[in-house]
Amino acid sequence: MRWSQAFIPTLREDPAEAEVPSHRLLLRAGYIRQVAAGVYAHLFLAQRSLLKIMGIIRQEMDAIGAQEFYLPALNPAELWKESGRYTAYGPAIFKFKDRNDHEMVLGVTHEEEMTNIARGELRSYKQLPQMWYQIQEKFRDEPRPKSGLLRLRQFWMKDSYSFDIDDAGLDASYHKHYDAYRRIFDRCGIKYVIVEAYSGTMGGTHSHEFTAPTDAGEDLIAICDCGYAANLEKAEGNAPPVEDIAGDAAPEPFATPGQKTIDDLVKFTGENGNRMIKTLVYVVDAQAILILLRGDHTLSETKLASTLGTDAFRPSTPEEALALLGAHLGSLGPVGLKGVRILADKALEGRRNMITGANQDGTHLRNVTPGRDFTPEYFDLRVVSAGDHCKKCGKPLRVSVSVELGHIFKLGRRYSQAMHASVLDENGREVPLVMGSYGIGVERILSAAVEQNHDRDGMFLPAAIAPFDVILTAANMDDARLREAAEKLYEEMRAKSLDVLFDDRAERPGVKFKDADLIGVPYRVTIGKRKFEQGLAEIFRRSTKQIQDVKLESVVSSLLEMQGR
RNA sequence: CGGGGCGUGGCGCAGCCUGGUAGCGCGCUUGCCUUGGGCGCAAGAGGUCCGCGGUUCGAAUCCGCGCGCCCCGACCA
């Protein structure tokens, strides 16, 4: 490709609307342009890079025996009502009516459609296992699209679905995907961490996320040196022990006028937050319950949901809490309550002489001991924090921000039962299909690669996913000898199937170098006057900015060698 | 959905408070010049000032109602 003919609209200045590096650089480098919030046009460079990413995904999916499909995004709403996700996924689904007043949706993923095909066609265990995948557009009406290609409303996903006769079969399909995903992200040159994750509205029992640590991410993950890693929603850890005050004194009220939050109380009493009990009131099925946490801990609603076995709960209103406990938020506590279910985080088990609200405005209690002064049920309910001890090895956990690139789920029988997708087993009994589903966000791979590989001058994408292998730059196109040498090299590179972008523009060298640095191509070969006269060209490696002088006739072989070809 | 910010040639911004000529830098076009890190000189083109309504002799500017975009939070495989 000749740059003079290419549409690569680079920008000299940072676009005002872009904050995270990948968004800023993809705009500046002319990869993308915005159409609406969370909706982007892929221009020439983005499309080339994304096609390379999809090529890698396709190869690895094919390699585990998955079969490529292509399903429509446009779906009848009936399918989604049948699975229950029409309401469960709620406002994130784009919904509308066609001209005949038929309710339609745009797919957020394709469990329904795939299951629908499976139930119509799969009849016997002899046809199993099956693995079906596609690379296709997903539509989600996200509450807050953001950060360029990191959180989109329309995006490409590789989604695959496995159908097995039993749990052992699902395990095998799951592991095939697990391994394929590792190869995909390895080949894409992404630094990633595999974490245990929560399945959320997908349903199912078991899942792993493939996440790329970068500051622009939105997922928090807990990581330990021993290899344990989990999404913070799901991560478990042991809080370092806290020294309590000795003694068996009875609870004793003390005045705390105007002290509403734990922070207030910490300042007011001079005590550490870890010696306090935080009291939350939640409403589950119209029933109020108390949730107790250590003062410096945070409730994980994810863990609460799995503890309660439902996500149909909400924090109480201040009025409800007042009616239940007789005090306003800020002075609530568990002591002396009757007939209210009390859930406490495990970090409170065995503690003594703590501080909590007295259920009287402006008053707290000291010397409160769980188990003696109230009787809770203990569960793991809190979000782990950095410094908590790893459940597996006891070392301190680190917390890191990352981008979710892929997620694999053991769905089990959730969809097959809801949608009556079953086959006959070897005993002639009808059994529901055991399913898995597996997703990769294609644009997120590109974004994460930029987040992980950029500097002040631009990006440097991993070779496997860069839009070109090499940029060939003639320092001065008006110099006939340089131009001819560059043209000759261009032909030579193309003959060897190098993806080359020939910068044949009539620009000054500075402009060409700046643009080349920006757009993320791993190598630049420059033909400049001084070295040309010595029979040399230079190969510039973008990631390290190292320059290597090479004889003109061995430029191509050097590049092929660097590529490992 | 709550909080904050922004909306003015393609891009980045000033002007708005205190109403009256729409301006700067970059980019773009043409010519000359220059050619290893976003050259220089000269001449040009390009704007419903987000929309609608109101106030006013007169609105980019003041008022009202919308819309859009970004950020934080809520939310979210």
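Sequence lines set the chain letters: A, B, ... in the order given, protein chains first and strands last, and positions in each chain run from 1.
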Once each nucleotide of nucleotides 6-13 of chain B is scored for protein heavy atoms under 4.0 Å, what B/S/- sequence comes out, 5' to 3'? -----BSS
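Counting any heavy atom pair closer than 4.0 Å across all strands shown, A:R524 reaches a base atom. Contacts of A:R530 with the nucleic acid, taken as non-hydrogen atoms under 4.0 Å apart, are absent. Across all strands, A:R33 comes closer than 4.0 Å to no nucleic acid atom at all (heavy-atom distances). Using a 4.0 Å heavy-atom cutoff across all strands shown, A:E538 reaches at least one base atom of the nucleic acid. Residue contacts shown for A:K146 are limited to sugar-phosphate atoms, with no base heavy atom under 4.0 Å away. Here A:T211 lies out of heavy-atom contact (under 4.0 Å) with every strand. At a threshold of 4.0 angstrom between heavy atoms, the contacts of A:A36 are confined to the sugar-phosphate backbone, with no base atom among them.
Distance CG (A:D515) to P (B:U35): 21 Å, rounded to an integer number of Å. Between the CG atom of A:L299 and the P atom of B:C75 there is a distance of 11 Å, given to the nearest Å. Distance, A:E142 CD to B:C71 P: 13 Å, rounded to whole Å.
Ring-plane geometry between A:F139 and A:F94 is classed as perpendicular, the angle between the planes exceeding 60 degrees on a 0 to 90 degree scale with a lower cut at 30. Between A:Y438 and A:Y174, the ring-plane angle classifies as tilted under the 30° and 60° cut-offs.
No N or O donor and acceptor, one from the side chain of A:N476 and one from the base of B:G36, sit under 3.5 Å apart.
In this structure, A:D503 does not pair ionically with A:R524, as no charged nitrogen and carboxylate oxygen lie closer than 4.0 Å. A salt bridge between A:E320 and A:R314 is present, with a side-chain N of the basic residue lying under 4.0 Å from a carboxylate O of the acidic one.
Pair assignment for B:C65 gives B:G51, based on Watson-Crick or G-U wobble hydrogen-bonding distances that are each under 3.5 Å.
For residues 6-19 of chain A, the side-chain hydrogen bond (donor to acceptor under 3.5 Å, both in side chains) pairs, not counting sequence neighbours, are A:T10-A:D515.
Distances shown here put every side-chain N or O of A:Q34 at or beyond 4.0 Å from the OP1 or OP2 atom of B:G68. For the OP1/OP2 pair of B:G27 and a distance below 4.0 Å, the side-chain nitrogens and oxygens of A:R12 include at least one atom meeting the criterion. Residue A:R144 has a polar side-chain atom (N or O) positioned under 4.0 Å from OP1 or OP2 of B:C72.
Between the side chains of A:N75 and A:E113, at least one donor-acceptor pair of N or O atoms lies under 3.5 Å.
For the P atoms, the distance from B:C57 to B:U30 is 49 Å, rounded to whole Å.
With respect to A:Y40, the side-chain contact (heavy atoms from CB on, under 4.5 Å) criterion is satisfied by exactly one of A:H23, A:R33, A:Q154: A:H23.
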